[in-house]
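It should be emphasised that the depicted structure is a prediction, and the values quoted were computed from it without experimental measurement.
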Amino acid sequence: MTLRKQLVAVAMTGALAGGGLAATTTSAGAAVQGELTAQSCYGSAKNYTKKEDFHLVPLPSQTPDFFKTTANCADINIKTNSNRYVKVCFYKSNGDLNYCQDDYEYAEKDTWKVIATDVNNGVKFRFYFKITATATGEYAA
């Protein structure tokens, strides 16, 4: 059963129990809003390529030299071409390293994975992979 059908079923149960029609409309509206946000975020996804023997994407010598978060997504998401461990390193506006996440997240092949949550717009970042093998995929931020 889809998430929308589950929400409608729960809302209808509430309406039958005296919860009212307003709860049905609000629940269904929340599901649609969440779906639109995800479509907007992933719909603006961009490709990346990680060269062999390196951990970082993008490299300082590549164009662009940093990825930047946008208003399209509240989080930093990645979809890899193979199972990978990845974390995010954040950079100051002048390009100096600010910090890297302590822990790697396991990103399963061909599945969107949130790597960092609630990140402000315009933040510079790079992905840091645990292994140095060549990799490609998509990111949305």
- Would Tyr139 and Phe67 count as a close aromatic pair, with their ring centres under 6.0 Å? yes
- Apply the test side-chain contact (heavy atoms from CB on, under 4.5 Å) to residues Val86 and Tyr128: give CA-CA distance (whole Å), side-chain angles for both, the deciding distance (0.1 Å), then the verdict. CA-CA 6 Å; Val86 62; Tyr128 193 92; 5.9 Å; no
- Hey, mind stepping through Val123 and Lys68 against side-chain contact (heavy atoms from CB on, under 4.5 Å) and telling me if it holds? CA-CA 5 Å; Val123 173; Lys68 279 188 178 180; over 6 Å; no
- Indicate the atoms forming the closest heavy-atom contact of Ile78 with Ala107, along with that distance. CG2-CB, 4.2 Å
- Task: Would you please name every residue forming a side-chain hydrogen bond (donor to acceptor under 3.5 Å, both in side chains) with Asp110, sequence neighbours left out?
- Result: none
- Item | Heavy-atom pair with the smallest gap, counting every atom of Gln101 and Lys87 | O-CD, 3.0 Å
- Query: Would Thr69 and Asn121 count as having a side-chain donor-acceptor pair, cut-off 3.5 Å?
  - Reply: no
- Query: Taking side chain as C-beta onward, heavy atoms only, is Pro60 less than 4.5 Å from Gln62?
  - Reply: no
- Salt-bridge test for Lys113 and Glu108: reply yes if a basic N is under 4.0 Å from a carboxylate O, no otherwise. no
Extract all donor-acceptor atom pairs below 3.5 Å that involve side chains of residues 49-58 and protein atoms in other chains or at least two apart in sequence.
| from | atom 1 | to | atom 2 | distance (Å) |
| --- | --- | --- | --- | --- |
| Lys50 | NZ | Phe54 | O | 2.8 |
| Lys50 | NZ | Thr132 | O | 3.0 |
| Lys50 | NZ | Ala133 | O | 2.5 |
| His55 | ND1 | Phe129 | O | 2.7 |

- Task: Check the pair Ile115, Asn77 against side-chain contact (heavy atoms from CB on, under 4.5 Å), reporting the backbone distance first and the verdict last.
- Result: CA-CA 6 Å; Ile115 304 298; Asn77 308 271; over 6 Å; no
- Would you check if the side chain of Thr111 reaches a backbone N or O of Lys109 as a donor-acceptor pair within less than 3.5 Å? yes
- Closest approach of Cys41 and Ala140, non-hydrogen atoms and distance? O-CB, 3.5 Å
- Task: Determine, stepwise, if the pair Val119 / Phe125 fulfils side-chain contact (heavy atoms from CB on, under 4.5 Å).
- Result: CA-CA 10 Å; Val119 182; Phe125 70 95; over 6 Å; no
- Looking at Ala116 and Val88, what are the two nearest heavy atoms and their distance? CB-CG2, 4.5 Å
- Message: Main chain of Val114, side chain of Asp75: is a donor-acceptor contact present, judged purely on distance under 3.5 Å?
- Response: no
- Message: Please list all pairs meeting salt bridge (charged side-chain N to carboxylate O under 4.0 Å, His left out) that have one or both residues in residues 129-141, counting only residues at least two apart or in different chains.
- Response: Lys79-Glu138
Enumerate donor-acceptor pairs with a distance under 3.5 Å from any side-chain N or O in residues 91-99 to protein atoms, sequence neighbours excluded.
| from | atom 1 | to | atom 2 | distance (Å) |
| --- | --- | --- | --- | --- |
| Tyr91 | OH | Arg126 | NH1 | 3.3 |
| Asn94 | OD1 | Asp96 | N | 2.9 |
| Asn94 | ND2 | Asp96 | OD2 | 3.2 |

- Task: Taking side-chain hydrogen bond (donor to acceptor under 3.5 Å, both in side chains) as the test, write out the residues that go with Tyr85, two or more places apart.
- Result: none
- List for me each residue that meets side-chain hydrogen bond (donor to acceptor under 3.5 Å, both in side chains) alongside Asn83, sequence neighbours excluded, and say none if there are none. Tyr106
